[in-house]
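Read the structure below first, then the notes.
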Number of protein chains: 2
Amino acid sequence: MPPDTQAKKINRASFEPAYMQLVRMVSEQIATGALRPGDQLPTEGQFCTQYAVSPMTVRRAINILVEKGLVSTTHGRGTFVKPLDIGRATFRLQELKNQWTSGEIDVALLEASIQSADERVARKLAIPIGERAIFIRRLVLQGETPAMYHREYLIYDPRRPVVEDQLQITSLEGLLQGQSGEGLRRGELSIEAVTLKEEEAELLKVPTGTAAFRLEHIFHDFENHPVSWGWFICRADRFKLTTCIGADADA
Amino acid sequence: MPPDTQAKKINRASFEPAYMQLVRMVSEQIATGALRPGDQLPTEGQFCTQYAVSPMTVRRAINILVEKGLVSTTHGRGTFVKPLDIGRATFRLQELKNQWTSGEIDVALLEASIQSADERVARKLAIPIGERAIFIRRLVLQGETPAMYHREYLIYDPRRPVVEDQLQITSLEGLLQGQSGEGLRRGELSIEAVTLKEEEAELLKVPTGTAAFRLEHIFHDFENHPVSWGWFICRADRFKLTTCIGADADA
DNA sequence: TAGTGGTCTAGACCACTTA
DNA sequence: AAGTGGTCTAGACCACTAG
């Protein structure tokens, strides 16, 4: 434990809550190297007296530091600064929305039809082979340039207010604006790298064989049945995920 | 607000903390559709009386639900169930470690040399063009199969205990086992899709032009100077990021 | 004005680690 | 046995939203 560097006070008049000020102050000490990986933080009690706050406030601040991955706590031992861990990096899909909502986005519906499910579609949607399913192809345009190509298979259920609603489900409007499907409970997503097939390349106006991201999705309803399965093919030059780890990741 | 479905009690004898039991019970109600997107949750006070817990415990549970993206709170209005938001999806690099630490991993050092920095390297490492930099090439093998190719440029500083330590920094051992660089403060990471160049393809034993992930990284020390810049080229068939959104993402 | 969430207090008790 | 974090209480006061 380093000799106490300098204990700034909590500003009670600030709009910033006390626990956040604590988080920020400790984060800065870690960022500047005043606290190094492995160092022990002051104990809960020490924080309380140093900053004249209650234990709950200290604990809240420490919990946030733990979630940020900056420190780790061990029950009877103490709280310690963690070294950089590359495994903690997380890439947020939200980033794409931000990248894209800055410009003009158009969604072109290329196809919307009823198809009979082949083996693959049947398996993904958990329906019998040959059952009818809705098939949709869309193209997302950023200005004049195509950015993503979307293929999606949807459960066809004549009892539901189908197509119109379903066209909204996982719609790119939803993806880009904010919220999708009201009737959906959970989704699974995955990302891989692929090379573009001829059809995809033509639509995206890049050479066949170009690299691209494939963002696959499958959504389930409240009965936990699959509702939709599909994937976005994203031009690599329009799709990049970035993130930061360590101190100063945000503040 | 739906007519109270059924208020299970908190089990005080359980190893599971009260706030977690609350989180789980509400999560389940959302997962089953007992609580639908847009529905208002009981207020803090109602939770307190229903489950006989203190306000702080309720607030802690609700905060967790907010972080999980299942509900949102508005100051003077209440707490409401959120619809699925695809933008909340986050992909964790940790996943790769898990995928890989299951098998045998070898790291082959292909090259470690001193080079004079060209314009690109100089810019990334914030050093003058022509300055010496350490250059490292490694190959990560999963059993017999090559999985990743790593190129990295490191600051050459004769005052530091350089090479041996630097070889550990952002080493794949670090990447795969747990913790990397003790002298690092923060890092920036990004992922793109690329097609393999001839050299890369040969090393990874796949055809030239195959799709792959490129995971670029740059790390900074406590003075916020770049220390290392490089990238992993990952075989697409060994590298897939997956995630879940919505209720039941974990519990 | 009534109801809501947001913050915070000043402790308590327990479980765990270390010596 | 001493010190640590983990949980929890039973309130308080404030700021915001709504009718």
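To find a chain, count down the sequence lines: A is the first, B the second, and so on, and within it residues start at 1.
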request  = Indicate yes or no: does A:Glu16 engage A:Arg24 in a salt bridge with an N to O separation below 4.0 Å.
outcome  =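 Result for this pair is yes, salt bridge flagged.
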query = Touch check for B:Arg60, heavy atoms < 4.0 angstrom, all strands: base, sugar-phosphate only, or nothing?
reply =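 Counting heavy atoms under 4.0 Å across all strands, the contact made by B:Arg60 is with sugar-phosphate only.
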request  = Tell me, please, the opening and closing nucleotides of DNA chain D, 5' to 3', among those with an atom under 4.0 angstrom from a non-hydrogen atom of chain A.
outcome  =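 That gives a stretch of D:dG3 to D:dT9.
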task = Decide whether a cation-pi geometry holds between B:Arg185 and B:Phe222; the criteria are a distance under 6.0 Å from NZ or CZ to the six-membered ring centre and an angle within 45° of the ring axis.
result =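 Ring-cation test returns no.
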query = Would a distance-only check, ignoring hydrogens and angles, find a side-chain to backbone donor-acceptor pair under 3.5 Å from B:Glu188 to B:Phe219?
reply =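 Not a single qualifying donor-acceptor pair exists.
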inquiry  = Strictly distance-based, threshold 3.5 Å: is any side-chain N or O of B:Ser27 a donor or acceptor partner for the main-chain N or O of B:Val23?
reply    =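 Yes: the side chain of B:Ser27 pairs with the backbone of B:Val23.
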request  = If D:dG19 has a Watson-Crick or G-U wobble mate with both distances under 3.5 Å, name it; if not, just say none.
outcome  =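 Base-paired to nothing in any strand shown.
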query = Does B:Gly76 or A:His75 map to a spot on DNA chain C nearer the 5' end, using the closest nucleotide for each?
reply =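 Comparing both residues, the 5'-ward one is B:Gly76.
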Along DNA chain C (nearest heavy atom to each residue), the more 5'-positioned of A:Glu16 and A:Arg77 =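 Checking each residue's closest nucleotide, the 5'-ward one belongs to A:Glu16.
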ask   = A:Thr90 and A:Arg92: side-chain donor and acceptor closer than 3.5 Å?
value =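 A donor-acceptor contact under 3.5 Å links the two side chains.
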inquiry  = Quick check for you: to the nearest 0.5 Å, what is the distance between A:Leu93 atom CG and A:Phe239 atom CZ?
reply    =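 The CZ atom of A:Phe239 is 6.0 Å from CG of A:Leu93, to the nearest 0.5 Å.
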query = Closest nucleotide of DNA chain D for A:Thr79 versus for A:Met56: which of these residues is on the 5' side?
reply =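 Comparing both residues, the 5'-ward one is A:Thr79.
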